[in-house]
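Notes follow once the structure below has been shown.
In what follows, every chain begins at residue 1, and chains take the letters A, B, ... in the order their sequences are listed.
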Amino acid sequence: MQIKAPRGTYDILADDSYKWQYIEKVMKEVAEIFGYNEIRTPLFEHTELFERGVGESTDIVTKEMYTFHDKAERSLTLRPEGTASCARALIEHSLYNGVLPVKWYYTGPMFRYDRPQTGRYRQFHQFGIEAFGSNSPHLDAEVILVLVEILLRLGLKNYELHLNSVGCPECRENYRRHLIEHITPVKDKLCEDCQLRYTQNPLRVLDCKNESCHKAIEGYPTLYDNLCDECRNHYTKVQETLKDSGVAFIHDDNLVRGLDYYTNTAFEIHIPGIGAQSAVGGGGRYNGLVKDCGGPDLPGIGFALGIERLLLAIDTLGKKDFKAANIDVVVITMSDKYEDLAIQVLNHLRRHNIRSEKDYTGRSPRAQMKYANKLGARVVVLIGDEEVENGCLTIRNMQNKEQIQVENQELISNINNIL
RNA sequence: GUGGGUGUAGCUCAGUUGGCUAGAGCACCAGAUUGUGGCUCUGGGGGCCGUGGGUUCAAGUCCCAUCAUCCACCCCA
């Protein structure tokens, strides 16, 4: 039986990897412009970190984690997201005692045991930023601006930014009570899933896509109406700052994020036309997280982008100028007795940063030319009896077919003239 | 986790109501007067027809299972 990549995983081959490098480069550049620095955390953590950080009742923790025991019977889990690890690192290194805010970006694979689908994999990749130690609404706006700037630089102008505030624990609890009061009389009309949501996390009933559920709870109180003064002011300020920065958004009463740690600002970015998994990014404020993870009461905010989904979105734009690096020069031997010499010429070229190649499969001179052509070489260096006798090399310009014989010392300068 | 579609060469796919050595295009390799490319022509390699069972004289073609993949639900990035 042939061994294949595990379900929900895949290989990124040469041409695609250049696409990835391009996207990662854009994201890192933008993050650094905004003052974020890279953090690299382990791919696995103690299971408890995610149980506490992400939330015991979340889908991620209850059914999507890759949890295993190591040889010392520690329960470890492949990270399903990046924020909890950042909070852990912040606490572990006592960075909350230093210069605030701490601003990080990260990128890498995440793991969730979910049913694969377009834009959804078991090993998928996120790019995210986190900012710890400030509750300023301007920072909320900044985080969103980073996200928007990345999308714009990737050419993805057709995004939709959904925005909401889920409030602080106090006003959310208050809201929760009001919502339950409102739903209880009509709870029998809800779908099966919502019956369950109703008891576990009633806020989640709001973003049910089922029409009948929406109808049943019509006229429900909104989070916004139940925000305390402080949370409402915060949210208003975030909105104002975004407007002043020229960022369009949609206030979405039904936007409720699935992870327990979110407070106040919550947002999601959707790009239409890439399938059911249209959320390319999302995030929000998580003022309780650091404390929940055993640290001081320090606020934080961040977002994560799904790289696979960004790729989908970019592909729908038909952008195709991503290719593996071309070879510039191919060294061709007219007889295999000159192969040793060809290696020396290659060494010389490569030391001068010229992307160069030779044939390693015993091709005829003619086939070597074809090979050079396929690799996209712009110059070919020919070595045959004539060259060896004259102590020189022949350079062929593949575009205009001009050939000249040059001294060894002049090889690099002549090639660079053509490239 | 639920429902539905698909699974034939590296890639995109054909394969009639089950019937002889399974095809095409592209890709790959080699030739087309002996030291030279992109076009064209000729030839060639490569498929236990996803895997395992079953029905049948006979299965890529029918049935079951399994795995994978796709679409939607769900969830989220």
Side-chain angles (χ1 to χ4, degrees), chain A residues 1-10 13 54 58-64 79-83 107-128 147 191-194 196-197 204 207-210 255-259 262 266-271 274-284 302-313 330 332-338 359 361-389 394-401 403:
Chain A
M1 222 346 217
Q2 204 190 112
I3 297 175
K4 295 180 185 165
R7 184 165 164 81
T9 70
Y10 60 97
L13 271 30
V54 178
T58 59
D59 281 14
I60 292 179
V61 170
T62 56
K63 49 194 191 195
E64 294 176 2
R79 63 180 188 191
E81 56 101 55
T83 304
T107 184
M110 306 293 166
F111 307 85
R112 291 184 201 172
Y113 190 91
D114 208 346
R115 183 129 172 205
Q117 198 183 318
T118 303
R120 188 165 77 190
Y121 301 90
R122 290 184 172 179
Q123 175 175 333
F124 64 105
H125 299 76
Q126 287 189 336
F127 173 90
L147 180 46
C191 68
E192 259 180 61
D193 289 330
C194 282
L196 201 68
R197 290 186 185 118
R204 297 276 301 284
D207 61 1
C208 178
K209 283 162 191 157
N210 215 320
L255 174 59
V256 178
R257 308 245 63 224
L259 283 60
Y262 285 109
F267 55 91
E268 251 176 41
I269 292 264
H270 288 264
I271 293 184
I274 60 169
Q277 308 302 325
S278 66
V280 299
F303 73 72
L305 277 165
I307 300 183
E308 282 83 355
R309 293 181 187 180
L310 281 178
L311 239 18
L312 273 177
V330 172
I332 290 178
T333 54
M334 294 308 174
S335 156
D336 55 12
K337 66 186 172 192
Y338 299 130
D359 167 57
T361 67
R363 277 181 248 248
S364 67
R366 179 196 172 111
Q368 288 179 63
M369 284 297 289
K370 288 189 175 187
Y371 181 53
N373 202 51
K374 265 173 216 149
L375 295 183
R378 284 179 287 167
V379 172
V380 147
V381 175
L382 296 152
I383 307 174
D385 294 337
E386 206 180 308
E387 285 76 15
V388 172
E389 279 165 25
T394 295
I395 295 176
R396 179 182 178 86
N397 181 330
M398 293 295 271
Q399 270 126 58
N400 60 19
K401 303 186 181 185
Q403 289 191 191

Send over the distance from A:E268 CD to B:C76 P, rounded to a whole Å. 9 Å
Nearest-Å distance for atom pair CD1/C1', residues A:I383 and B:U36: 14 Å
Spacing of A:D359 atom CG relative to B:U36 atom P, expressed in whole Å: 15 Å
Mind checking the C1' distance from B:A32 to B:U17? Whole angstroms is fine. 47 Å
Would you indicate, yes or no, if B:U36 has its OP1 or OP2 atom less than 4.0 angstrom from a side-chain nitrogen or oxygen of A:Q368? no
How are the rings of A:F303 and A:F127 set to each other: parallel, tilted or perpendicular (split at 30° and 60°)? tilted
Euclidean distance, atom NZ of residue A:K4 to atom P of B:U69 [Å, nearest integer]: 9 Å
Hydrogens and angles aside, do A:E387 and A:T394 bring a side-chain donor and acceptor to less than 3.5 Å of each other? yes
If you measure from the P atom in B:C13 to the same atom in B:G7, how many Å do you get, rounded? 10 Å
Looking at B:C29, B:C73, B:U36, which one has an atom nearest to any side-chain atom of A:R120? B:C73
Separation of A:D59 CG from A:E64 CD (nearest 0.5 Å): 5.5 Å
Using whole Å, report how far CZ of A:R396 lies from P of B:G38. 10 Å
Rounded distance in Å between the P positions of B:U42 and B:A22: 24 Å
In terms of the angle between their ring planes, are A:Y10 and A:H125 parallel, tilted or perpendicular, with boundaries placed at 30° and 60°? perpendicular
Nearest to the side chain of A:E386, heavy atoms from C-beta on, is which of B:C73, B:C76, B:G35? B:G35
Using a 4.0 Å heavy-atom cut-off, write out nucleotides 39-45 of chain B from 5' to 3' as B (base contacted by protein), S (sugar-phosphate only) or - (no contact). -------
Would you mind telling me which residue lines up with the more 5' stretch of RNA chain B, A:A304 or A:A367, judged by nearest nucleotide? A:A367
Where do A:I60 and A:P80 come nearest, in terms of heavy atoms and distance? CG2-CB, 3.6 Å
B:C29, OP1 or OP2 - any side-chain N/O from A:R363 closer than 4.0 Å? yes
Of the options B:U36, B:G37, B:G1, whose atoms approach the side-chain atoms of A:R115 most closely? B:G1
Looking only at heavy atoms, which two atoms of A:R120 and A:D114 are closest? And how far apart? CD-OD2, 3.5 Å
Under the criterion of centre distance below 5.5 Å and interplanar angle below 30°, is A:F124 classified as stacked on the base of B:A77? yes
Determine the interatomic distance between P on B:C62 and the same-named atom on B:G18; round to the nearest Å. 8 Å
Set of residues satisfying side chain to side chain contact (heavy atoms under 4.5 Å, CB included) with respect to A:L312, sequence neighbours excluded: A:T118, A:I274
A:F127 has an atom CZ; how far is it from atom P of B:C76, in whole Å? 22 Å
Of the candidates B:G1, B:A72, B:G31, the side chain of A:A276 sits closest to B:A72
Could you check whether the side chain of A:E387 and the base of B:G35 have a donor-acceptor pair of N or O atoms closer than 3.5 Å, going by distance alone? yes
With the side chain of A:Y262 defined as its heavy atoms from C-beta on, choose the nearest nucleotide among B:A72, B:A77, B:U69. B:A77
Any sub-3.5 Å donor-acceptor pair from A:R122's side-chain atoms to A:T9's backbone N or O? no
Think A:K374 has a side-chain N or O under 4.0 angstrom from the OP1 or OP2 of B:A27? no
For a quick check of understanding: with a heavy-atom distance under 4.0 Å over all strands, which category does A:G119 fall into, base, sugar-phosphate or nothing? base
Note: for A:M369 and A:H125 on RNA chain B, the residue whose nearest nucleotide lies more 5' is A:M369
Using a heavy-atom cut-off of 4.0 Å across all strands, would you classify A:L382 as base, sugar-phosphate, or nothing? base
Take atom P in B:G52 and the same atom in B:C57, then report the distance between them in whole Å. 23 Å
Separation between the C1' atoms of B:C29 and B:C67, rounded to whole Å: 34 Å
Is A:R7 near enough to B:U69 that one of its side-chain N or O atoms lies under 4.0 angstrom from OP1 or OP2? yes
Roughly, in whole Å, what's the span from OH in A:Y10 to P in B:C70? 11 Å
Separation of atom CG in A:L311 from atom C1' in B:A77, rounded to whole Å: 13 Å
Checking contacts here: which listed nucleotide (B:U36, B:A77, B:C74) is nearest the side-chain heavy atoms of A:R309? B:A77
Is A:E308 touching bases, backbone alone, or none of the nucleic acid, heavy atoms closer than 4.0 Å? nothing
Kindly say whether, by distance alone, the side chain of A:Q403 makes a donor-acceptor pair under 3.5 Å with the base of B:U36? yes
Is it true that A:D385 and A:K337 make a salt bridge, defined as a side-chain N closer than 4.0 Å to a carboxylate O? yes
Trace of the side-chain contact (heavy atoms from CB on, under 4.5 Å) decision for A:R363 with A:K370: CA-CA 10 Å; A:R363 277 181 248 248; A:K370 288 189 175 187; over 6 Å; no
B:G54 and B:G47, which share atom name P, separated by this distance in whole Å: 26 Å
What stems show up for RNA chain B when you take Watson-Crick pairs (N1-N3 plus N6-O4 or O6-N4) and G-U wobbles (N1-O2, O6-N3), both under 3.5 Å, and require three or more consecutive pairs? B:1-7 with B:67-73, B:10-13 with B:23-26, B:28-32 with B:40-44, B:50-54 with B:62-66
Verify side-chain contact (heavy atoms from CB on, under 4.5 Å) between A:F267 and A:L147, making sure each step is shown before the conclusion. CA-CA 11 Å; A:F267 55 91; A:L147 180 46; 3.6 Å; yes
side-chain contact (heavy atoms from CB on, under 4.5 Å) between A:M334 and A:Q368, intermediate numbers included: CA-CA 9 Å; A:M334 294 308 174; A:Q368 288 179 63; over 6 Å; no
Span that lies between the P atom of B:G3 and that of B:U16, in whole angstrom: 30 Å
